[in-house]
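Right, one structure below, let's go through it.
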There are 2 protein chains.
Amino acid sequence: MRTGGEETKRKILAVAEDLFSEKGFDGTSVGMIADAVGINKGLIYYHFKNKNDIMISLFLNVIEELSEYLDKNSTRSGDASLSIDTTEKIRQEIGFLEKRKRILSVIVMEALKSEDEDNFLLKCAQMHLNHEIEEIGGIEKSKTTGFSGDNEFLVYEFFTGFVPIIFFVVMKEKWCRFYGCDGDRLLDLFLDSFERTHLAAHMRQTKR
Amino acid sequence: MRTGGEETKRKILAVAEDLFSEKGFDGTSVGMIADAVGINKGLIYYHFKNKNDIMISLFLNVIEELSEYLDKNSTRSGDASLSIDTTEKIRQEIGFLEKRKRILSVIVMEALKSEDEDNFLLKCAQMHLNHEIEEIGGIEKSKTTGFSGDNEFLVYEFFTGFVPIIFFVVMKEKWCRFYGCDGDRLLDLFLDSFERTHLAAHMRQTKR
DNA sequence: GTCTATAGCAGGATAGAC
DNA sequence: GTCTATCCTGCTATAGAC
């Protein structure tokens with residue numbers, strides 16, 4: 001196929017993403033990754049400094065993709081996107097996140113370790129929240145005063161908006177297995193709940 | 001102190017809880033636990049079958065304590081508790097969960113591994129949700145039809161109620177460190193958001 | 001109930017041949 | 001760029017003395 005080592009590197013990342021999300025970072029060995037890719041253990045150390053470097057690489061990919069996605073789907077620069085209602089926007093966002101659900105699981109797992117210094121989950125959240133604030137700042141600047149005080153808006157957006165969405169994405173399959181229900185149906189039910197809780201509060205606040 | 005081995009066993013569990021939540025289950029070795037307790041590695045295998053047995057033991061403790069808590073604080077059997085408003089009830093629940101936040105982190109971490117078969121997080125959630133349903137069933141039986149269909153109420157309770165609360169408990173410290181804010185203040189802000197989203201939707205539904 | 005000792009293996013990482 | 005071989009450390013778990 002003549003792709004040099006780039007193809008191998010991509011494979012390593014793809015397999016690592018799978019295994020890390022299945023077994024956790026510490027539960028996955030470099031040997032397991034090598035075996036699953038079908039290469040030698042030593043080769044991994046040609047492409048990556050160490051095991052941690054693989055995970056960081058995956059994390060940085062997500063941050064980059066998320067950044068691009070947020071910029072592209074900004075209602076400030078967008079044209080057609082302005083006509084899309086909020087629930088549909090959330091549905092699209094969930095679609096985007098579901099493609100990255102495996103690495104998102106790892107980000108959440110690692111974020112829960114209290115020894116974790118630079119918390120990628122909170123970094124992702126902050127990117128997302130900054131974007132939300134910009135949106136509101138651009139379109140409904142005058143109305144944001146509804147959220148008074150320091151971190152009030154941040155806390156609301158994070159714990160009742162960001163967290164349920166991320167958790168929905170990473171737990172969807174497990175939930176369906178546990179309760180024996182259909183994934184598409186669950187998405188609709190989730191969006192309905194999300195609309196009636198987080199989004200409803202948003203409306204009430206910004207329409208003041 | 002003459003406590004036989006029970007005191008040692010308790011210490012092992014307490015230390016394991018700390019280390020598992022700091023480094024994750026797979027990131028913690030039996031030797032690390034033994035060192036932190038100040039006993040020999042081998043002694044751990046006298047009290048527990050293997051490393052996994054320690055975690056399961058911790059998980060079962062939580063399930064038991066949660067069960068007791070839910071029974072005790074049921075508004076059906078309770079007398080004084082009937083006079084407590086919902087937000088205050090949530091505040092108490094968070095207080096209860098915060099004492100178990102370390103093992104809760106571990107439960108969440110483990111629940112995210114896709115190889116995990118018996119998902120303790122979903123088991124805890126189900127206990128909690130069953131209790132919620134019973135409460136409503138007992139007090140406002142006739143009004144629950146507001147939540148039509150199969151899993152609609154379950155999805156709503158889990159993703160917009162249970163999940164934000166659990167996440168608040170396990171992420172509180174990290175959030176405060178990241179944004180440099182006060183824990184008590186964050187709790188108030190969270191409860192405010194929770195009231196305006198999850199609880200507000202609840203009111204609208206049950207008051208139909 | 002607690003410790004010492006150790007088996008036995010798997011882990012991360014490196015050196016060097018091809 | 002990929003593989004083989006290997007180092008060495010650390011791991012889980014057990015056996016047996018005290």
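The sequence lines fix the lettering, A, B, ..., with proteins before strands; numbering per chain opens at 1.
- Scored by the side-chain contact (heavy atoms from CB on, under 4.5 Å) test, Glu88(B) finds Ile84(B), Asp85(B), Arg91(B), Gln92(B) as partners (sequence neighbours excluded).
- On the nucleic acid side, DNA chain C has its first and last nucleotide under 4.0 Å of a heavy atom of chain B at dG1(C) to dT4(C), going 5' to 3'.
- Remark: Phe167(A) pairs with Phe167(B) by the ring pair (Phe, Tyr, Trp, His ring centres under 6.0 Å) rule, at least two apart or across chains.
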Run the side-chain donor-acceptor check on residues 33-40 of chain A: report pairs under 3.5 Å with partners two or more places apart or on a different chain.
residue	atom	partner	partner atom	Å
Asn40(A)	OD1	Gly42(A)	N	2.8

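- Applying the salt bridge (Lys or Arg N to Asp or Glu O under 4.0 Å) test to Asp192(B) and every residue at least two apart in sequence or in another chain returns Arg196(B).
- Counting only residues at least two apart or on different chains, no side chain to side chain donor-acceptor pair (under 3.5 Å) pair has a member in residues 43-64 of chain A.
- Checked against salt bridge (Lys or Arg N to Asp or Glu O under 4.0 Å), Arg177(A) has no partners two or more places apart in sequence or in another chain.
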Report all side-chain donor-acceptor pairs from residues 96-112 of chain A shorter than 3.5 Å, counting only partners two or more places apart or in another chain.
residue	atom	partner	partner atom	Å
Glu98(A)	OE2	Lys172(A)	NZ	2.9
Arg100(A)	NE	Glu65(A)	OE1	2.6
Arg100(A)	NH1	Phe96(A)	O	3.1
Arg100(A)	NH2	Glu65(A)	OE1	3.3
Lys101(A)	NZ	Glu173(A)	OE2	2.5
Arg102(A)	NE	Asp18(A)	OD1	2.7
Ser105(A)	OG	Lys101(A)	O	3.0
Glu110(A)	OE1	Lys113(A)	NZ	3.0
Glu110(A)	OE2	Lys113(A)	NZ	3.1

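- A heavy atom closer than 4.0 Å to some atom of DNA chain C occurs in Thr8(B), these being the qualifying members of residues 8-30 of chain B.
- The CG atom of Asp53(B) sits 16 Å away from the C1' atom of dT14(D) (whole-angstrom rounding).
- When the salt bridge (Lys or Arg N to Asp or Glu O under 4.0 Å) test is applied to Lys23(A), the partners found at least two apart in sequence or on another chain are Glu115(B).
- Side-chain rings of Phe159(B) and Trp175(A) approach one another, their centers coming within less than 6.0 Å.
- Residue pairs meeting the salt bridge (Lys or Arg N to Asp or Glu O under 4.0 Å) criterion with at least one member in residues 37-48 of chain A: none, sequence neighbours excluded.
- Listed in residue order, the members of residues 38-52 of chain B having a heavy atom less than 4.0 Å from DNA chain C are Ile39(B), Asn40(B), Leu43(B), Tyr46(B), His47(B).
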